[in-house]
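See below for the structure under consideration.
For the numbers below, each heavy atom of this structure counts, side chains included, while hydrogens, waters and symmetry mates do not.
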Amino acid sequence: MSKLQVIRLSKEFRFEAAHALWNYDGLCRNIHGHSYILRVTIKGTPVNDTANPKNGMVMDFSALKKIVKEVIVEPFDHAFMVNDSMPESMFSDAGQMFGRIMRLPYQPTCENMIVDFAARIRTRLPNNIILHSLRLYETSNSFAEWLAEDNL
């Protein structure tokens, strides 16, 4: 191959989490859970160095997996997410029932979560790798999408 090509790689991750939307006027104000699927797409050019064990790779899938597991899957899996604007009295006793309460500086909607996830992942990627897009499925037919080109 003569000219290096820009390649996109994608990997999917799954986690379970619950949330309640503070001050919301619909059913999602109640505690409920989702089986989230997060698709992470990065882009870059493959390593072009026969002496490098990663020759031909944009990024080792296992390296991407390690990053996303550490910053998204492990902290969010089986957590109960709440907006930190919610009064403590609303869920203070819940800590005895729910061992993993995540007080987030935003309403834990799919839209806000994906913006948070993009920031978390971007800070961990090598300099030569670009976070191209994220897609976060909240249900099998509802998702939010984040694209780098929209967020320059």
Which heavy atom of [X] sits nearest to which heavy atom of [Y], and what is that distance?
X: His34; Y: Thr139; value: ND1-CG2, 4.1 Å
X: Gln5; Y: Pro46; value: O-CD, 3.2 Å
X: Val47; Y: Lys54; value: CB-O, 3.5 Å

Cluster question for you: counting only ILVMFWY and a side-chain heavy-atom cut-off of under 4.5 Å, with indirect links fine, are [X] and [Y] together?
X: Leu38; Y: Leu147; answer: no
X: Leu136; Y: Ile37; answer: no
X: Ile72; Y: Val82; answer: no
X: Tyr36; Y: Val71; answer: yes
X: Met86; Y: Met113; answer: no

Treating Glu111 as the side-chain partner and Ala144 as the backbone partner, does any N or O pair qualify as donor plus acceptor under 3.5 Å?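 Between the backbone of Ala144 and the side chain of Glu111 there is no qualifying donor-acceptor contact (under 3.5 Å).
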Asn55 (side chain) donor-acceptor with Asn52 (main chain) under 3.5 angstrom: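 Judged by distance alone, no pair lies under 3.5 Å.
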Between Ile121 and Leu134, is there a side-chain heavy-atom distance shorter than 4.5 Å?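 Of all side-chain heavy-atom pairs linking Ile121 with Leu134, at least one is under 4.5 Å.
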Within-4.5 Å side-chain heavy-atom neighbours: Asp77 and Glu16: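 Answer yes - side chains close enough.
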If you look only at pairs with a residue in residues 122-152, which of them pass as a ring pair (Phe, Tyr, Trp, His ring centres under 6.0 Å), with sequence neighbours excluded?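 As it turns out, the ring pair (Phe, Tyr, Trp, His ring centres under 6.0 Å) pairs with a partner in residues 122-152, which skip direct neighbours, are Tyr137-Phe143.
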Output every pair passing ring pair (Phe, Tyr, Trp, His ring centres under 6.0 Å) with a member in residues 40-78, not counting sequence neighbours, ordered by first then second residue.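 Residue pairs passing ring pair (Phe, Tyr, Trp, His ring centres under 6.0 Å), neighbours aside: Phe76-Phe117.
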Listed partners of Asp84 passing salt bridge (charged side-chain N to carboxylate O under 4.0 Å, His left out), at least two apart: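 By the salt bridge (charged side-chain N to carboxylate O under 4.0 Å, His left out) rule, Asp84 matches no residue at all.
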Identify, with sequence neighbours excluded, every residue that meets salt bridge (charged side-chain N to carboxylate O under 4.0 Å, His left out) alongside Arg29.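 Arg29: no salt bridge (charged side-chain N to carboxylate O under 4.0 Å, His left out) contacts found.
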Start with the C-alpha gap between Leu125 and Met59, add the side-chain angles, then the distance that decides, and say whether side-chain contact (heavy atoms from CB on, under 4.5 Å) holds. CA-CA 10 Å; Leu125 291 174; Met59 183 177 190; 4.2 Å; yes
Atom pair [atom1] ([X]) and [atom2] ([Y]), whose distance is rounded to the nearest 0.5 Å:
X: Arg122; Y: Ile129; atom1: CZ; atom2: CD1; value: 13.5 Å
X: Ser85; Y: Arg103; atom1: OG; atom2: CZ; value: 8.5 Å
X: Lys65; Y: Glu70; atom1: NZ; atom2: CD; value: 12.0 Å
X: Ile67; Y: Arg120; atom1: CD1; atom2: CZ; value: 14.5 Å

Show your working on side-chain contact (heavy atoms from CB on, under 4.5 Å) between Leu64 and Leu9 and close with a plain yes or no. CA-CA 10 Å; Leu64 180 59; Leu9 297 179; 5.6 Å; no
Could you list the cluster mates of Leu21? Members are the ILVMFWY residues connected by side-chain heavy atoms closer than 4.5 Å, either directly or through other members.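 Traced through the cluster, Leu21 reaches Tyr24.
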Once side-chain hydrogen bond (donor to acceptor under 3.5 Å, both in side chains) is applied, do any residues pair with Glu74, and if so which ones, sequence neighbours excluded?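 For Glu74, no residue satisfies side-chain hydrogen bond (donor to acceptor under 3.5 Å, both in side chains) once neighbours in sequence are set aside.
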Using the side chain to side chain donor-acceptor pair (under 3.5 Å) definition, which of the options Asn112, Asp116, Asn83 pairs with Tyr106?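 With Tyr106 as partner, side chain to side chain donor-acceptor pair (under 3.5 Å) holds for just one option, Asp116.
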Would His19 and Glu138 count as a side-chain contact (heavy atoms from CB on, under 4.5 Å) if you check the C-alpha gap in whole Å, the side-chain angles of each, and the deciding distance to 0.1 Å? CA-CA 11 Å; His19 64 171; Glu138 190 171 82; 3.7 Å; yes
